[in-house]
Each structure stands twice: as C-alpha cells, then as structure tokens.
There are 2 protein chains.
Amino acid sequence: MSGPNTPIRNDCDECALASRCFPAFISVEKRFRVTQIITTNLTYDKTALLYRQGEKAKHIYIIKFGSFKTYISNPNGTEYINGFYMTGDIINMESVDQGIHLNSASALENSMVCKVSFLRLTILKDEFPTLANMAIKVYSQALALSQDLLKCISKQSATSRLATFLLIINRRQNIQNQDPDKIYLSMSRQDIANYLGLAIETLSRVFTRLNESGCIIKHNRHSDLSIHDRDLLQRYASGVEN
Amino acid sequence: MSGPNTPIRNDCDECALASRCFPAFISVEKRFRVTQIITTNLTYDKTALLYRQGEKAKHIYIIKFGSFKTYISNPNGTEYINGFYMTGDIINMESVDQGIHLNSASALENSMVCKVSFLRLTILKDEFPTLANMAIKVYSQALALSQDLLKCISKQSATSRLATFLLIINRRQNIQNQDPDKIYLSMSRQDIANYLGLAIETLSRVFTRLNESGCIIKHNRHSDLSIHDRDLLQRYASGVEN
DNA sequence: CGAATGATTGACATGGGTCAAGAACCGTGG
DNA sequence: CCACGGTTCTTGACCCATGTCAATCATTCG
C-alpha cells in the first residue's frame, strides 16, 4: 500500500548491478551523467504498487533487489499474472511504444528500484550512441525470456509446467545466488497457480509430489526450496517422466 | 523443403509495408541506402525452413506476405510451437542478443520475406540515428504482443484459450484485412493445439462448439472462419460464459 | 480416382478443477 | 514470550473437462 520513499544515494558506481546496467555502456568519466538522469534507490514495500494498468507510462524500472509481479485486471474482476521480475530485471519495456501501462505492477517483497524516464533515456542515448546497442540487446534478451516462459505454460501436464517454471526461476536466480540449487519463491502459491493456468490446489499437490519424489526439497518456509535431483526435475519438465 | 529463391526486385518504395518498416524512418532521398542493405523479396514455399534452432543467427526477417511458425524441438522428439508470425511481423528479434537461433522457423504457406543482417542494421543505425528509436519501438511492440499471447495460454478452460487466441489473431489480421470479422488460420489444428497446450481432439471439439453456439462461422475450408458474435466470443475468452 | 494426410466425432479413462476441512504460517496485541 | 485470528497452504473426496484411443469423414495431391 505504501508508495516509494525518497532516494537514499545517487551512485551507480558502487551498485552491484552496474556491470549489466546502463553504466556498463558509458565510460567511467562520463558516468556522472547517468546518475543525473536516473532516479536511484527507490524503495517499495511488499504489496506496494509500482504503476497501474491504463495510466500513462513514462519510465522503465530496474530492480536493484527484491521482486515484482505484473498483472492484468479484467472488467469481471479476474486477474491474470503475466510476469515475475527479479533482481537485475527491467520492468515496463513493453509500454515504451504505446506510452500506456498495459498491466499493473506490485512488489512481491520489500524491494528497491531505479527508474529512468523514456524521454531522458533518449537524451542519454543521443549523447552515448552505444546505449542504443545496449537497448536492443536488453530488449532481445527480454523477448527471449518471455518466449522461454511460454514454455512453462504451453505444456499439458501440471507437473511439467511447474517443473519448467522452477528450472527457469532457478536459472534466473543463479545469476546472483551462491548455492546454485537454491530457489526462493517470493510470490504466493496463488500467483504461481494463476500464472501457470492451474488451480491452487493442483499446484500444491504437484509441489508435494515433486517433494516426495525427491527431486526438490521444501525447507521450513514454503518459499524456500532447493533442487535435489536436477536431472529428474528436467525429465518432469520435458514430460518424459510423470 | 525448398529454400529461398532469388530476389525479384530491390525496391522498398512500392512495398505496401513501407510505412511501418525501415524506410519509414529514413528520408525519401536516402532510401536507396536501405535497399542496398536489405535483401528484399525472398520467397519461401509452404513448410520451407527459414532457419534452424542452434544455428548462428545473423538476420532478422520481415514478412512481406504469408506466415511462419517458430518452434523448439526437444531432445525427446517433442516440439513446442512458441509463436506465429504474419504479414508485417519481424522474426528473430529474440536472437539478436545471443547470436544463436533459439528456435526454428518454417513457412506455414507460400510466403515472402525481406532480410537484414544484424551487422548491416548497425551500420544503417549509425547513419540514421532515428533508426534506433524505431528499433526500440518495434521491440517494445513485440514484447507487448508476446505478453498478450501469454493470455491465451494461462487460461484454464480450453474454450477461453481458443476464444482468446482467435480474438488476438483477428486483431493482428485486421491491420491488412478488409472484412474485420474474417479470420484466416494458416496453421494446422495440430499447431494451434500444440501452441495452446491442448489435445488436437479437444481443440476440434471446441471449434465445433464455438460454431454451434453461433459465435464463429466455419466456411468451406477449415482455415477460413469469421466472427459472427464478437461479444459472445469475448465472453468465452474472459471465461464468463461456458 | 485412390492414397495420404488432416480434421472431426465417439467412447472411455483420468488428470485436474471444485468444494470443504484441516494444518501451517503470519502479524498483532497482551 | 505466548495466545489469537486471519491468511495461506495442504490434503481429501468427488466429479467434470479434457486427454487418449479408435473409427470415420474431409481434403489435398498425385
């Protein structure tokens, strides 16, 4: 419910993400220009809204830590989750064209983001032409990811949907994780079920089945998992195993 | 099976798509530069392969007419369709980052494409900086579309999946269609079923149900439909109606 | 015209949705 | 720290939608 707090500091240089964010494409001497243009370190509490579907879209958001979901609300009250975003991801790239938020975004946990207006980004791009290459690179990545995620959902069985989902989440978290088998699910079961097109009860049952079969381990909190038998999980994902 | 034939002509000026393709962002006097860099009017016969998953990716492809599907082949032989592309669409934008084809693409009908190498596009971009804006616009659109398509699949019931799919296809075809209610499905039932995560028989049954309920009309060939009761189709899509 | 491929329909089995109850977890206040 | 209520997750029982298998019909192409 709470909005963003005031920025704490304006320094991209000591950001852990700098190497795969805007500064990476700009020489160290000129980086001060970036911090002039990017609003850094906005905090959002769990459940806080980043933006609302239908509003004018003016910024992209880079997640420094934490996670967000994006969702579409239908007139009849139903919601469709269409994306989960985590550390290092950029939110709202799909709205740059139309300038209107095509979905709403809310924080899944206490999170921190940096935001850049489309307009200022264009200014920066004219100053630093290499930035255009970066934009294309990042967009291409985002498209690849989005097609990858499609794989979860176009599968027929609930088991292979969840298995695929877990593998993709794991791969994305591995960029910052130390333990390569650890999975942290910041979203609720309801959100996952919605995203995968399953009933929450089915999802829960599949979780227990994956646990009993020994391919994943559930820890104390239901948001903490680890992959125990990656090979088996992969076979579930591809639908060979049931 | 057959490959591309030789280019017929090299002229973007008289192309119906020019207004929403590269030339649109370049002054008329300089357009000759575009035709020097783009390979225009390659023809692909039905079932012909545009590129193969795993190969080095060097080009994007603009569909002049016709349609293509992209699909991922799993080691165990199964295929997953992850996209349908039609007139005006650009194929392979997701591979620009990694430089490797993440899927295979094949023609669903006799089609014509223009292709541009990533490299030459970068050259052109340096010459015409506005092109970078176009790239971002096009990528943003592609992302928006891909999220839109996700809606089809994350729905629970087969009926709302197909209804959503038909509405999206219709909207995309309306850009060039005269009759706004006409739908032409160049892909097989098998392809649609695969894409929507349904069995082909279920899909077929849903088609008949949509037909019997009067919301779509099937014409002589199974690829030709029209929307008869758009409102009802929309209710099916949103899951209000069953 | 006939074979091959693709689409539809029918009969049956089952995975997963629905409803309901119970368990685990979380935040709040004492 | 524990007690309490609300929320979220899990489990069970039941049944329907959809997958599977098989037969038929339609369409395409030689």
Side-chain angles (χ1 to χ4, degrees), chain A residues 1-2 45-47 69 78-79 81 108-110 152-163 165 183-213 216-225 236 239 241-242, chain B residues 1-2 45-47 69 78-79 81 108-110 152-163 165 183-213 216-225 236 239 241-242:
Chain A
M1 306 300 133
S2 80
D45 293 340
K46 186 172 179 171
T47 77
K69 66 173 175 183
T78 55
E79 272 185 6
I81 308 243
L108 292 166
E109 57 194 317
N110 296 345
C152 301
I153 310 171
S154 65
K155 307 246 164 119
Q156 284 188 355
S157 96
T159 311
S160 62
R161 281 193 210 181
L162 179 56
F165 179 76
I183 297 178
Y184 174 67
L185 299 173
S186 58
M187 65 296 275
S188 68
R189 293 283 189 264
Q190 185 62 70
D191 285 342
I192 302 175
N194 182 319
Y195 181 68
L196 296 179
L198 297 171
I200 182 172
E201 296 94 331
T202 307
L203 186 76
S204 185
R205 274 182 258 270
V206 176
F207 263 117
T208 16
R209 248 182 286 151
L210 290 182
N211 191 41
E212 282 166 358
S213 72
I216 63 168
I217 297 172
K218 293 161 102 178
H219 298 121
N220 35 351
R221 309 177 75 264
H222 55 250
S223 46
D224 289 319
L225 303 176
Y236 279 130
E241 209 86 17
N242 290 299
Chain B
M1 305 301 132
S2 78
D45 293 339
K46 186 172 179 172
T47 76
K69 66 173 176 183
T78 55
E79 272 185 6
I81 307 237
L108 293 166
E109 57 194 319
N110 296 346
C152 302
I153 310 172
S154 66
K155 307 246 164 118
Q156 284 188 357
S157 94
T159 311
S160 62
R161 281 192 211 181
L162 179 56
F165 178 75
I183 297 178
Y184 174 67
L185 299 173
S186 58
M187 64 295 278
S188 68
R189 294 283 189 264
Q190 184 61 71
D191 284 343
I192 302 176
N194 182 319
Y195 182 68
L196 296 179
L198 297 172
I200 182 173
E201 296 92 334
T202 308
L203 186 76
S204 185
R205 274 182 257 271
V206 177
F207 263 117
T208 4
R209 248 182 286 150
L210 289 182
N211 191 42
E212 282 167 357
S213 73
I216 62 168
I217 296 172
K218 294 162 103 176
H219 298 122
N220 35 350
R221 308 176 76 264
H222 57 250
S223 47
D224 289 319
L225 303 175
Y236 279 129
E241 210 87 17
N242 290 298

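Per chain, numbering begins at 1; letters A, B, ... match sequence-line order.
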Identify which nucleotide among D:dT18, C:dT9, D:dG19 has an atom closest to any side-chain atom of A:Q156, counting heavy atoms from C-beta outward.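 Nucleotide nearest to A:Q156's side chain: D:dG19.
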Quick one, [X] and [Y] - any side-chain contact, counting heavy atoms below 4.5 Å?
X	Y	answer
A:K218	A:T208	yes
A:L108	A:K46	no
A:K69	A:M187	no
A:Y184	A:E109	yes
B:L185	B:F207	yes
A:T159	A:R209	yes
B:S157	B:Y236	no

Give me, pair by pair, the N or O atoms of the protein and of nucleotides 24-26 of chain D that are less than 3.5 Å apart, along with how far apart they are.
none

Tell me: [atom1] of [X] to [atom2] of [N], nearest whole Å?
X	N	atom1	atom2	result
A:D224	D:dC9	CG	P	13 Å
B:N211	C:dA7	CG	P	16 Å
B:L225	C:dA7	CG	P	12 Å
A:N110	C:dC26	CG	P	14 Å
A:N194	D:dT8	CG	C1'	15 Å
A:H222	C:dA23	NE2	C1'	13 Å
B:L198	D:dA17	CG	C1'	11 Å
B:I192	C:dT8	CD1	C1'	14 Å

Which residues in residues 199-207 of chain A have at least one heavy atom lying under 4.0 Å from any atom of DNA chain C?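 Only A:A199, A:E201, A:T202, A:R205 qualify.
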As a quick check of understanding, evaluate side-chain contact (heavy atoms from CB on, under 4.5 Å) for B:L198 and B:R161, giving each step before the final call. CA-CA 9 Å; B:L198 297 172; B:R161 281 192 211 181; 4.0 Å; yes
Rounding to 10°, can you tell me the angle the first-five-pair axis of the helix from C:dC1-D:dG30 to C:dG30-D:dC1 makes with its last-five-pair axis?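 Axis angle across the helix from C:dC1-D:dG30 to C:dG30-D:dC1, nearest 10°: 50°.
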Between A:S157 and B:E212, who's closer to the 5' end of DNA chain C by nearest nucleotide?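 Taking each residue's closest nucleotide, the earlier one in sequence belongs to B:E212.
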Closest-nucleotide 5' rank along DNA chain C - winner of B:T208 and A:T159: B:T208
Closest approach of [X] to [Y] (non-hydrogen atoms, all atoms of both residues):
X	Y	result
B:S223	B:R221	OG-NH1, 2.6 Å
B:L203	B:A193	CD2-N, 3.8 Å
B:S160	B:G239	CB-N, 4.3 Å
A:N194	A:I81	OD1-N, 3.1 Å

Taking only side-chain N and O atoms of A:K218, does any of them lie within less than 4.0 angstrom of OP1 or OP2 on D:dT10? yes
Taking OP1 and OP2 of C:dC26, is either one under 4.0 Å from a side-chain nitrogen or oxygen of A:R221?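 For C:dC26, OP1 or OP2 has a side-chain N or O of A:R221 closer than 4.0 Å.
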